[in-house]
J.: 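Right, I'll just put the structure down here and ask away after.
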2 protein chains.
Amino acid sequence: MSHMRYCCLMAVDRDHVLRTAAALLTRKSTATMDEVAKAAGISRATLHRHFAGRDALVRALESLGIAECESALDAARLDEGPARDAVHRLVREIEPAAGLLAFLYTENQLFEGEQQNIGWARIDDRIAALFRRGQQSGEFRIDLSPVWLTEALYGLLGSAAWVVAEGRVARNDFTHMIVELLLGGALRHHTTGQREES
Amino acid sequence: MSHMRYCCLMAVDRDHVLRTAAALLTRKSTATMDEVAKAAGISRATLHRHFAGRDALVRALESLGIAECESALDAARLDEGPARDAVHRLVREIEPAAGLLAFLYTENQLFEGEQQNIGWARIDDRIAALFRRGQQSGEFRIDLSPVWLTEALYGLLGSAAWVVAEGRVARNDFTHMIVELLLGGALRHHTTGQREES
DNA sequence: CGCATGTGAGACATTGATGTCTCATTATGG
DNA sequence: CCATAATGAGACATCAATGTCTCACATGCG
């Protein structure tokens, strides 16, 4: 504690600003710097002191999103146990970041001159590796590529975050909805006469 | 003056402009009116003669998206045969519009003062009704609500359109990827018929 | 208490997109 | 061939967001 400096209100909680901005931009991706500042309870000037500009803010959000994603990946221990359980843990751990990820997912198109891209690539690889492990262990079907399964997971995370935010489904169902659909699909599998062929 | 009948057929192909704009905005949702005009091969002035402003353009795209969606819904004959086959037909029919839908899906947040909203609601209802029919017929599991299945379908359509546009999966796999994941899930099931070979 | 720091409020110029206008050009149809 | 109409090019004002700046205020610290 001795190394912490106690000043005035002490350098506006950067993390709080980022999370508020994430929550706002998730709902309204075109929100103004002024709106972001008001949402965070600070002035535009102060916001601009902490983040050089809108670009820097979005970059910071991207870094936050990557960090939270990797934390979730670590916490989910993707290498341990059945792959299906690892997927379940992953979705559970990543849920709090789903909104932010959904925002970044749509905003990323703007960053063609990538740089943080390596962070996303690393995350993609770790998730794809999980699906690949599940395929090799015989748990997952092999006609759906790990790349597609990874992307589909992103899409489902975004859809679920959206529909929960809209209040059209209960927040508690978040993990169940995604995991059950992603792993089991919409079809009933215990009924007789099930046939799958196209 | 009798309104323009069939005078100079120079009349810029409105549909072509819309589809070009859709393609561009799908890739870069912040594209300028000038960029849209250039992409469509017309001048900004002409673009502005046909669409009062950016708002009007996006509205027109929304109408186009709704129309294409409803055409797909009609062509898929959702009421006929097994629900799972209807889902397959739906995805196949809706594929060409997936990019446009993905764009509108993210852009819709801006339309809080809805008006076209009724169009989307009607589409939502028709798709949700399909999933409900599948549940009642015993084909689909009942622990995943039609609302969620509908939203999940949108998410998967968007993800698939994106990953195909990125060139990370083959365009030919579009329908298969979505239908198999949405209906069957990633898990291998020990039921008859599921593709598990090589 | 006085100093330093961080903040809020607001003025200001800048930038980029937009909407509107005019005018010349081209193509169409009678 | 001529009148009409649609287009392209560009000038122009407008507007909103941004980035930068100054100044006053509050609070922590010596």
Side-chain angles (χ1 to χ4, degrees), chain A residues 1-62 103 106-107 109-113, chain B residues 1-62 103 106-107 109-113:
Chain A
M1 214 192 279
S2 56
H3 60 282
M4 295 182 68
R5 297 176 53 248
Y6 289 92
C7 183
C8 321
L9 236 154
M10 202 168 99
V12 161
D13 190 349
R14 178 188 169 97
D15 193 69
H16 168 255
V17 174
L18 278 178
R19 293 187 185 282
T20 307
L24 173 59
L25 290 173
T26 295
R27 293 194 307 273
K28 186 183 178 190
S29 60
T30 61
T32 297
M33 289 294 275
D34 205 65
E35 296 175 286
V36 172
K38 277 188 176 55
I42 62 178
S43 71
R44 195 168 69 95
T46 300
L47 176 62
H48 203 272
R49 281 185 192 105
H50 287 274
F51 303 97
R54 190 190 180 76
D55 260 24
L57 176 62
V58 176
R59 286 303 178 101
L61 284 173
E62 192 176 29
F103 161 68
T106 67
E107 197 77 359
Q109 321 174 23
L110 307 181
F111 295 102
E112 285 142 4
Chain B
M1 43 166 134
S2 57
H3 241 248
M4 51 165 131
R5 255 182 278 188
Y6 12 83
C7 43
C8 319
L9 261 174
M10 294 176 63
V12 155
D13 188 351
R14 179 188 168 97
D15 193 70
H16 168 255
V17 173
L18 278 178
R19 294 187 184 280
T20 308
L24 174 59
L25 289 173
T26 295
R27 292 194 307 273
K28 185 184 178 189
S29 60
T30 60
T32 296
M33 289 293 276
D34 204 66
E35 295 176 288
V36 172
K38 278 189 175 55
I42 63 177
S43 71
R44 196 167 70 94
T46 300
L47 175 61
H48 204 271
R49 279 184 194 105
H50 288 272
F51 304 96
R54 188 190 183 74
D55 260 23
L57 177 62
V58 176
R59 287 302 178 103
L61 284 173
E62 192 176 27
F103 163 67
T106 67
E107 199 78 357
Q109 322 174 21
L110 307 181
F111 295 100
E112 285 142 3

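Bear in mind the structure is a predicted one, so any value in this text is a computation, not a measurement. So that the names make sense, note that chain A is the first sequence line, chain B the second, and so on, each numbered from 1.
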J.: OP1, OP2 of dG6(C) versus side-chain N and O of His50(A): anything below 4.0 Å?
T.: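 For dG6(C), OP1/OP2 do not have a side-chain N/O of His50(A) under 4.0 Å.
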J.: Report yes if some heavy atom in the side chain of Glu62(B) is under 4.5 Å from a heavy atom in the side chain of Glu107(B); otherwise report no.
T.: no
J.: Heavy atoms under 4.0 Å, any strand shown: does Arg54(A) hit a base, just sugar-phosphate, or nothing?
T.: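 Answer is sugar-phosphate: Arg54(A) comes under 4.0 Å of backbone atoms only.
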J.: Write down the distance between NZ (Lys38(A)) and P (dT18(D)), rounded to a whole number of angstrom.
T.: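 These atoms are roughly 12 Å apart.
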J.: Can you identify which nucleotide, out of dG19(C), dG8(D), dC21(D), has its nearest atom closest to the Ile42(B) side chain?
T.: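 Within the option list, the nearest is dG8(D).
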J.: Mapping Gly53(B) and Gly41(A) to their closest nucleotides on DNA chain C, which lands nearer the 5' end?
T.: Gly41(A)
J.: Is the phosphate of dA9(D), meaning OP1 or OP2, less than 4.0 Å from a side-chain N or O of Ser43(B)?
T.: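 For Ser43(B), the contact criterion (side-chain N or O under 4.0 Å from OP1 or OP2 of dA9(D)) is not met.
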J.: Given dA9(C), dG19(C), dG8(D), which nucleotide is nearest the side-chain atoms of His48(B)?
T.: dG19(C)
J.: Which of these nucleotides, dT18(C), dT20(D), dC21(D), is closest to any side-chain atom of Arg44(A)?
T.: dT20(D)
J.: On a heavy-atom basis, which atom in Ala21(B) and which in Val36(B) lie closest, and how many Å separate them?
T.: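 Answer, listing the atom of Ala21(B) first, then Val36(B): CB-CG1, 3.7 Å.
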J.: Return no unless some side-chain N or O of Thr32(A) is found under 4.0 Å from OP1 or OP2 of dA17(D).
T.: yes
J.: Between atom CZ in Arg49(A) and atom P in dC21(D), what is the gap in whole Å?
T.: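 Going from CZ in Arg49(A) over to P in dC21(D) covers 12 Å.
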J.: Is any side-chain heavy atom of Glu35(B) less than 4.5 Å from a side-chain heavy atom of Leu24(B)?
T.: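 The answer is yes, as the side chains (C-beta and beyond) meet within the 4.5 Å cut-off.
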J.: From dT7(C), dC21(D), dT7(D), pick the nucleotide closest to the side chain of Thr46(B)?
T.: dT7(D)
J.: Salt bridge between Asp15(B) and Arg19(B), side-chain N to carboxylate O under 4.0 Å?
T.: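 Looking at Arg19(B) together with Asp15(B), the answer is yes, because their closest N to O distance falls below 4.0 Å.
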